[in-house]
**Student:** 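Quick one: this structure, given as C-alpha cells, is what I'll be asking you about.
Counting convention: from 1, in listed order, for ligands and their atoms alike. Just so it is clear, the structure is predicted and the values come from calculations on it, not from any experiment.
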Amino acid sequence: MMLNSSILISLAQNVALLLSLTYLYGLVLHNPRLARFNRSHLLEGLTFGLFGVLAVMTAIEVYPGFFLDARAIVVVVTGAFSGPVAALLASGMIALYRMMLGGGGVLSGVVAVMGAAALGTAVYYYRQRYGNRNERAVFLIVGGIAAINALVWPWAIGGSVGRQFAYKAALPMLVLVPAGIYFLRLLLSYRLRQLQMEQALRDSEERYRTVIAAMSEGFIYRSVEDGTVSCNASAETILGLSAAQIQHWIDENWRGLREDGTEFAAPDRPAAVALRTGQPQLNVTMGIQHPEKGLIWLLVNSSPLFRAGSSQPYAVMSTFTDITERRQAQTELLRERDTLRTLIDNIPDYIFIKDAQGRFVVSNAAHNQIAGVQRMDELVGKTAFDVFPPHLAPQFNEDDQMVLQGQALVNIERTSIDLQGKPCFVLTTKVPLRDAAGQVVGLVGISRNITHRKKLEEQTLQLAAERQRAAVLHRFITDISHDFRTPLSILSTSTELLRKHTDPDKREKHLRRIEEQITRVTTLLDAVVEMADLERNVVVRHDDPINLQPLLTETIKDCEPLAKNKGVKLLWQQTSMPIMVNADAHHIRRAVHNLLENAIQYNAAGGWVMISTQNLATHLVIEIRDSGIGMTEAEQQHIFEHFYRADEARSMDTGGTGLGLPIARKIVEAHGGTISVESQPGQGSTFTVTLPLSDERVAEAV
Ligand code: ADP
C-alpha cells in the first residue's frame with residue numbers, strides 16, 4: 001500500500017485534531033469557572049463527539065463511500081476516560097454524521113463506531129476496577145483490537161469494495177489506531193494530572209489566603225522583585241491604615257522606636273534585616289505612630305522567602321501583634337512589684353516565702369539580715385539549715401513541714417535571733433501557698449520580734465504579783481495587829497492593876513492573867529511564824545513514804561487531855577493496815593492536830609469527835625467529824641482565811657488564833673491534797689482531808 005500525500009495531510013490534520021482535543025479537554029472540561037459542569041459525562045461526550053465528527057470530516061476517502069480517519073481513536077478514548085454515556089453520545093453523533101455522508105461503507109462504518117464505543121467502555125470499567133494497573137499494555141491491546149474492529153466490518157459487510165478498503169487500510173489502521181490511542185491516552189493523562197496539580201495548588205493557596213485573612217496577627221508580604229505589597233485585614237486594623245496606605249507608607253515613612261526610646265532606623269527593622277541577611281528576625285519589639293492612637297508597640301516576626309536553588313530572598317513576610325496593652329500592664333506590674341518590694345523591705349518583721357522543698361524564694365531586708373546575707377538572691381534556694389544556727393533550724397524546719405502538709409500556723413511563739421544576732425522571741429505565722437488546683441506549692445511566713453513586748457508583759461505581771469503580795473501583807477499586818485492588840489491591852493491593864501493591888505490573892509489573879517496573855521501572844525507569834533514559813537513553800541518535805549497509822553494514833557493521844565478537860569469523847573476507827581503516804585510527818589501531825597483541836601474546842605461537854613480513814617485507789621481520806629456547834633454557810637466561806645474566827649467561836653474564848661485552819665490547808669495542799677468542810681449550825685462539822693497515797697501503796701492496791 002502506498003501512503004500518498006493526501007493521506008499524510010489527513011494524518012497531520014487528525015493529529016492536530018487530537019492535540020486540540022487534549023487542550024480543549026483541559027480548557028473546557030476542567031475549567032474551575034465551569035466547575036458545575038465538571039465531570040459531566042454528557043458534556044464530555046458532546047465534546048468528544050464533536051471531535052469525532054471533525055475527524056470524519058477530515059477523513060481520506062479511500063474508495064467512494066469508504067473513509068479512513070481517526071474516529072476509532074476518539075471513540076475508544078471517550079469510552080475509556082468518560083464512560084458509557086459519553087461513549088454512546090460521541091459514537092451516536094459520529095454515526096449520524098457518517099450516515100449523512102452516505103456511501104457503501106455506511107453500515108460497516110456505523111457498526112465499527114459502536115464497536116469502538118463498546119471497547120472504550122470496557123477499558124473504562126477495567127480502569128475503575130484495577131486503576132492504572134498495566135494501563136499502557138491495556139491501551140495498546142485495545143488499540144489493536146479497535147484497529148481490527150475498524151477493518152473487520154467493511155471486510156464482512158462492505159462487499160468487494162469493503163474488502164478492498166480493508167486490504168488497503170489494514171496497515172495504516174493497525175499502526176495508527178493503537179499508536180493514536182496510546183498517545184492520546186498519554187496526553188490526556190498528563191493533562192489531567194497537570195490540571196489536578198493546578199487545582200491542588202489553587203486550593204492550597206486559597207487555604208493560606210483564608211488563614212491569613214482570618215489571622216488576628218497583622219500580616220504584610222513584600223516582594224523585592226516586583227515591589228508588590230499585600231496585607232491582611234488585621235494589619236490594617238492594627239496599623240490604622242488602609243491596604244493602599246500600607247503599600248505606599250511602608251517602612252520608609254514610618255518613624256520607628258526601639259524599646260529604649262531611641263530611633264529604629266528603616267534599614268535596621270526586621271523586614272529589611274531579614275531581606276539583607278536571609279535570616280528570620282523573631283520577636284522584635286518596635287514602636288510606631290498610629291494615626292489615631294499615637295505610639296503603639298508591635299511584636300514583629302519577619303521571615304525571608306527563597307525560591308528553590310536561590311540564596312537571595314525574593315520576598316519577605318512579616319507578622320506582628322499589637323502589644324501596647326501588654327507592655328502597659330507589664331510596666332504597671334513592675335511598678336507595683338517595686339512598690340511592694342519597698343514596702344516589705346521597710347517592714348521590721350521578717351517576711352519570707354519558701355517553695356515546697358522548704359527553700360527560700362523571697363525574703364525581705366529584715367529577714368536577709370538575720371539570715372546573714374546582704375541581698376535576697378544570696379538566700380534563694382537555701383534552707384533554714386543552711387543559714388540559721390543548729391539550735392533554731394530544726395524547729396523552723398519542723399514548722400515548715402507542718403505548713404507544707406496544709407496546716408496553717410498562726411501566731412505561734414518561737415525563739416529566733418534579732419537584727420543584732422541576739423536571741424529573741426518572735427510571733428510567727430506561716431500559711432501554705434497553693435496553686436490553682438489547690439496543691440501546696442510553698443509557704444509564706446511572717447515573724448515579729450516580740451521580745452520587748454514580752455518583757456513588758458512579764459514586768460506587768462511581776463508588778464501585779466508584787467501589788468498583790470503588798471496587799472496581802474497589809475491585810476495580814478492589820479489582822480495581826482488587831483489580834484495582838486487584845487492580849488497586849490489585857491497585859492497592860494493587868495500590869496496596871498498588879499501595881500495598884502497589894503492583896504496577894506488579887507495580885508496572884510492578875511499575875512495569872514499576865515502569864516495567860518504572854519502564852520497567847522507567844523502562841524500567836526508561833527502561829528504567825530509558822531504560817532510565814534509555810535507561805536515560802538520550802539518547809540514541807542514529802543519525798544519519803546511514811547505510815548500514817550501510828551502518826552494519827554499519837555496525835556489523838558496528844559489531844560486526849562484537852563478532850564478530857566472538855567468532857568468530849570474521842571472515837572478513833574483504827575485499822576490494822578498501814579497507810580503509806582509520801583508526807584512530812586511533823587507538818588501532817590500539825591494539820592491533823594489543828595483539826596482535832598477545833599473539833600474538841602467547838603464542842604460541848606458530852607459531845608464526841610470521830611476520826612476515820614479510808615483508802616481509795618490513789619488517795620487516802622481522813623474524816624474528822626464532831627458533834628459540836630457547827631457553822632453557817634457564810635462562816636464556812638471564810639474559815640480558811642488568816643485570823644478569821646466566827647463570832648460564836650470568839651465568844652467561847654478558846655484561845656484560838658484564827659490561823660489553825662489556814663495552816664492546816666497550806667500543809668495539806670503542799671502535799672498535793674485537799675481539805676473541805678461540811679457543817680450546819682448546831683449540827684456539828686465534818687472536815688475531810690484527802691492525801692495522795694505513796695506510789696508503793698498505790699502499786700499494792702492495784
Ligand atoms: P481558831 O484558832 O479560832 O480555832 P481556826 O483557823 O482553827 O482558828 O478556825 C477558824 C474558825 O473556824 C474558828 O474560829 C471557828 O469559828 C471555826 N471552826 C473551826 N473548826 C470548827 C469546828 N470543828 N466546829 C465549829 N467551828 C469551827
**Student:** Which of the numbered atoms in ligand 1 are under 4.0 angstrom from any heavy atom belonging to Ala599?
**Tutor:** 23 (N)
**Student:** Sub-3.5 Å donor-acceptor pair from the side chain of Arg507 to the main-chain atoms of His501, do we have one?
**Tutor:** yes
**Student:** Which option out of Phe687, Phe643, Tyr602 puts a heavy atom nearest to atom 1 (P) of ligand 1?
**Tutor:** Tyr602
**Student:** Counting non-hydrogen protein atoms only, what is the nearest one to atom 23 (N) of ligand 1? Give residue, atom name and distance.
**Tutor:** Asp626 OD2, 2.9 Å
**Student:** For the side chain of Ser612 and the backbone of Gln573, is there at least one donor-acceptor N/O pair under 3.5 Å apart?
**Tutor:** no
**Student:** Check this for me, if you would: do Arg375 and Asp377 make a salt bridge, where the nitrogen-to-carboxylate-oxygen distance has to be below 4.0 angstrom?
**Tutor:** yes
**Student:** Checking a contact table here: which protein heavy atom is nearest atom 3 (O) of ligand 1, and how many Å away?
**Tutor:** Arg645 NE, 2.6 Å
**Student:** Answer yes or no: is there an ion pair linking Glu458 with Lys454, defined by an N-O contact shorter than 4.0 Å?
**Tutor:** no
**Student:** Which residue and atom name correspond to the protein heavy atom nearest atom 6 (O) of ligand 1, and how close is it?
**Tutor:** Leu661 N, 2.9 Å
**Student:** Which of the atoms of ligand 1 are close to Gly656, meaning less than 4.0 Å from one of its heavy atoms?
**Tutor:** 1 (P), 2 (O), 3 (O)
**Student:** Which protein heavy atom lies closest to atom 10 (C) of ligand 1, and at what distance to 0.1 Å?
**Tutor:** Tyr644 O, 3.3 Å
**Student:** Could you tell me whether some N/O pair between Gly660 and ligand 1 is separated by less than 3.5 angstrom?
**Tutor:** yes
**Student:** Does the residue Ser685 have a heavy-atom contact with ligand 1, meaning some pair of atoms that are separated by less than 4.0 Å?
**Tutor:** yes
**Student:** Below 3.5 angstrom, do we get any N/O pair linking Pro662 and ligand 1?
**Tutor:** no
**Student:** For the 3.5 Å polar cut-off, considering only N or O atoms, please tell me whether Gly658 and ligand 1 meet it.
**Tutor:** yes
**Student:** Which one holds for Leu659 and ligand 1: side chain close, backbone close, both close, or neither close, with close meaning a heavy atom under 4.0 Å?
**Tutor:** backbone
**Student:** Give the contacting part of Phe640 toward ligand 1: side chain, backbone, both or neither, where contact means a heavy-atom distance below 4.0 Å.
**Tutor:** neither
**Student:** Where the side chain of Asn603 meets the backbone of Ala599, is there a donor-acceptor pair that is under 3.5 Å apart?
**Tutor:** yes
**Student:** To check your reading of the model: name the closest protein heavy atom to atom 17 (C) of ligand 1, its residue, and the distance in Å.
**Tutor:** Ile639 CG2, 3.9 Å
**Student:** Using atom types as modelled and distance alone, determine if a side-chain donor or acceptor of Asn364 lies under 3.5 Å from a backbone N or O of Asp349.
**Tutor:** yes
**Student:** Would you call Arg335 and Glu332 a salt bridge, taking side-chain N to carboxylate O under 4.0 Å as the test?
**Tutor:** yes
**Student:** Aromatic rings Phe360 and Phe352: how do their planes relate, parallel, tilted or perpendicular, breaks at 30° and 60°?
**Tutor:** perpendicular
**Student:** Just going by heavy-atom distances, which of Asn598, Ile624, Asn603, Asp647 is nearest to atom 20 (N) of ligand 1?
**Tutor:** Asn598
**Student:** Considering only non-hydrogen protein atoms, determine which one is nearest to atom 15 (C) of ligand 1 and report residue, atom name and distance to 0.1 Å.
**Tutor:** Ala649 CB, 3.6 Å
